[in-house]
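Contents: one structure, followed by commentary.
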Amino acid sequence: MNTTIQKEFDIDQPIGLVWKALADPEYIVTCVPGASLTEKVDDRNFKGEVVAKFGPIKAIYNGDIEIQELDEANHVMVLKGKGLDSKGKGSADMIMNGTLTETDGKTHVKFSMNIAIVGMLAQFGSRLINDVSDQLLNQFVENFKAKLAGESVDTDLSAGSMLGAMAKSIFGKKN
Amino acid sequence: MIECKTSKEIGGMGHSKKRKEDARFIQGKGHYVDDVKLPGMVYMDIVRSPYAYAKIKKIDASKALAIPGVLAVVTGKDLEQYNLHWMPTLMSDTQMVLSTDTVMYQAQEVAAVIATDKYIARDGRDAVIVEYEPMPPVMDPFKSLDPNAPVLRTDKEGKTNNHIWHWEVGDKEKTEDVFSQADVVVKQQMHIPRIHVASIETCGCVAAYNKVENHLTMYMTTQAPHAIRTVIALVAGHVGLTEEKVRVISPDIGGGFGGKVPVYPGYVIAIAVSFLTGLPVKWIEDRSENLQADSFARDYHITAEMAGTKDGQILATRFKVLADHGYTDASANPSKFPTGLFSIGTGSYNYHNAYMEADAVYTNKPPGGVAYRCSFRVTEAVHAIERITDIYAREIGRDPADLRMQNFIKKDEFPWASPTGWSYDSGDYHAGLQKAMDAIGYHELRKEQTELRKQGKLMGIGISTFTEVVGAGPSKDFDILGIKMFDSAEIRVHPTGKAIARFGTKSQGQGHETTYAQIVAEELGIPMEHIQVEEGDTDTAPYGLGTYASRSTPTAGAAAVMAARKLRDKAKKIAAYLLEVSEEDLEWEPGKFFVKGAPEKAKSIQEIVFASYTNHPPGMEAGFEATHYYDPPNLTFPSGAYICVVDVDPETCHIKIRRFVAIDDCGNIINPMIVQGQVHGGLTQGLAPAMYEELIYDEAGNILNGTFMDYLVPTAVESPSWETGHTVTPSPHHPIGAKGVGESPTVGAPPAIVNAIVDAVSHLGIKHLEIPVTPYKLFKELKAVGYFK
């Protein structure tokens, strides 16, 4: 199944700083819930692990991350991720496009992710994926902002709080 | 009222007897496959593919084997050594048992884990690591025929495309002539969605091979135990499992609906493992495995066309079908009928030109095409004819009931030779529809509809007047793997006048233990309480092809009648001997023979049976038993007139079935209460695809609703209060005039419901809706025609 998630947010930091942080996988991974880098292949290729929990389904993806485009002049980046479930229960592919713009010393971040999921997660968790992903991204944004501001971040996946947050997002929807 | 020939005590045909089997079912004392526990039994779980189409690069079982209690991990390569990695399907195609190199659908069997208990087996399953190389799957049956589509069945030598077979029936040229000259031609593309039988009990088995005796006992969820025994012997005879060494036991079955006819890989793996280890092996699917891997039903893409006159006379029909069979044709049709009995699709109407064709294709979906509570594709055919008839009526501005009345075959026109080759045995379609219209108050409802539309309210009335074809089937045309589709009964009456009757069929909830007993009671006058019915054990029951497609009453029920009549002939001879009169002087009334003109001189059936063991006439064989294998001369053609009334919320598009009247004609009725129960269940299973159920796949091959969280089976909450009734037009060729009823409501309900929903919104510009009609789908359609801004 395919899903697209788009997000925009503002950070009260100059664009140069935000760009430097976003363009550094080793920095950014510390803000992603459940993610860790296991190997730096070269400047543009990395190996990592993502633990994802969607309702009753927990999956560990071992994957490759490739920086396909890193246009500092225009502040545009394209990331490609490819993950295989560690137990052979499926796979996930991701393309992320990110753009930064600056207004009044603040940075506006806009990115979209296309995720294609095959296997158990799609079979059992398809109804949850959008909500959970959205929640994960919100957590990422919070972490990212906090880290840039020099605060400590918590990237643990907590099933309890995740479910709670998800329920909130489902029942609290305005549209 | 149904007239009964027997007393209430005897309880023959027409009595609403409570079901004998329910005593154990309602007390939780049924005995299902999962209740079978044997000493030393081990448990099997199955590793399944997460991909719809992929190469298997490597299977690493080391972590699974390291778990204490995991005994073995079996792969396709292991089975290949015994040539058991592939098996034939009922449609002469081939199917993988365990894949050796390529997986063809999501949830396909890749390896089996054997362990000392089922939880360890599941842990073992999760610990088997399989490396795949995914390939882009072919999910769309139309794209499957594209010349550039990858050829999926590379295992088949010389296969250059994904086409399986082409089928056609009727006179193409004459039909085209009629179409080209007709005043009115209507055409509609429709999809009968892929659905699942979703029986309460999933599939499973206990394979128990005894090495010392070289004997296999196979407890399994099968609707056709005898056929399965023969198939096992044909497939495994080369390793020593010849037919006398195989005993198949089908215990209580928690719903079959066609889904327990095929042979699934799990059964074969369990047999292979038991054969190799000498240990009993239990395999029970979980719900998701059942929904995702086992036989689906339907999935026909139909283009239906009807030609007619401006004043409502149907002249011809033309149906073109694309059948999505998944990666192999594992349908459960009679051998000569690749589209089953789809050719019944000319319906209840008097016209003489029809042409139908079908092409089947492979895709990366699970195999199947089972006859889900349906005589092999009758549901698809009835949906097409009943939808296109409504579309035709609307096109020429005619009332759909009125148009049907005009076109029905009249009751004195039977036997009716249909343009696709059937000989309908009997029917009274006018009486059925009239009864349904009277029951629901049809004309008042039409007036109400006009008023409601003025107020902006959406209400619709839908009709389905279907003709069914059941009771497969006459040996001339009907066989499965060469075995003719007769069925059998054996009646053995004990010295005290109580009987055991055994059958080649197998109840999955239909109530055979009651209805068969009533048939024998009707013929022999022995109280039905004292007739024990037994089925499902191939060592004891006579050979038969099982229960599906509403065939039990038309075939095995008739066999019971014939066997009982043989016994009644014998009883007459004994009675004449005991009463010292000639046979011609005797007359029968249920339960006894008496001398004409002297009713006090009589012998009861119990006295006669006792004499057959204690004082039988010289020269006559002792005992009181008979067997009959019944080969039906024709199929039976039940019919029905269903009317549905829906109210659609004009803001939320919520669809509420206000009323549903079902008038069925299944010929003579054996047990009215059981028939009513069958109709209630069948209607709910007809509501399912009309408004709720569909197996949904994405382009990557994922099933998106492979659990009961997402696959919506209607429950009592969603079901309206069904109103049932009947007309009785006996089958002229069936010995007790019965026709079969189990599947009629499942077949007849969907078009009645969707016709009603379309009727509710037709004035807004909607001509057709694809099933399942969900509120969201209806919303989108109403938005497309500008109803919602």
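Chain naming here is simple, since letters A, B, ... match the order of the sequence lines and numbering starts at 1 in each.
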(request) Return yes when atom CD1 of Ile200(B) has more than 12 non-hydrogen atoms of other residues, nucleotides or ligands closer than 6.0 Å, and no otherwise. (result) no
(request) Classify the angle between the aromatic ring planes of His75(A) and Trp19(A) as parallel (below 30°), tilted (30 to 60°) or perpendicular (above 60°). (result) perpendicular
Record all donor-acceptor atom pairs with a distance under 3.5 Å between chain A and chain B; write none if the list is empty.
| residue | atom | partner | partner atom | Å |
| --- | --- | --- | --- | --- |
| Met1(A) | N | Asp698(B) | OD2 | 2.4 |
| Ser91(A) | OG | Tyr51(B) | OH | 3.2 |
| Ile117(A) | O | Asn702(B) | ND2 | 2.8 |
| Gly119(A) | N | Asn702(B) | OD1 | 2.9 |
| Gln123(A) | NE2 | Gln292(B) | OE1 | 2.4 |
| Ser126(A) | OG | Leu704(B) | O | 3.4 |
| Arg127(A) | NE | Asp710(B) | OD1 | 2.2 |

(request) Could you tell me which residues satisfy salt bridge (Lys or Arg N to Asp or Glu O under 4.0 Å) with Asp43(A), sequence neighbours excluded, listed by chain and number? (result) Lys40(A)
(message) Run the salt bridge (Lys or Arg N to Asp or Glu O under 4.0 Å) test against Lys80(A) and tell me which residues pass, sequence neighbours left out.
(response) none
(request) Could you go through the side-chain contact (heavy atoms from CB on, under 4.5 Å) check for Leu65(B) and Val73(B) one step at a time? (result) CA-CA 7 Å; Leu65(B) 289 166; Val73(B) 175; 4.0 Å; yes
(message) Is Ile117(A) close to chain B through its backbone or its side chain, or both, or neither, when contacts mean heavy atoms under 4.5 Å?
(response) backbone
(message) Please evaluate residues Ile5(A) and Ile115(A) with respect to the criterion side-chain contact (heavy atoms from CB on, under 4.5 Å), reporting the C-alpha separation (whole Å), side-chain torsions for both, the decisive distance (0.1 Å), and the verdict.
(response) CA-CA 8 Å; Ile5(A) 301 158; Ile115(A) 307 172; 4.0 Å; yes
(message) If I measure from the heavy atoms of chain A, does Val47(B) come under 4.5 Å with its side chain, its backbone, both, or neither?
(response) neither
Throw together a table of side-chain donor-acceptor distances under 3.5 angstrom for residues 103-112 of chain A, partners on residues two or more places apart or in other chains.
| residue | atom | partner | partner atom | Å |
| --- | --- | --- | --- | --- |
| Thr107(A) | OG1 | Gln13(A) | O | 2.6 |
| Thr107(A) | OG1 | Ile15(A) | N | 3.1 |
| His108(A) | ND1 | Asp10(A) | OD1 | 2.8 |
| His108(A) | NE2 | Glu8(A) | OE1 | 2.7 |

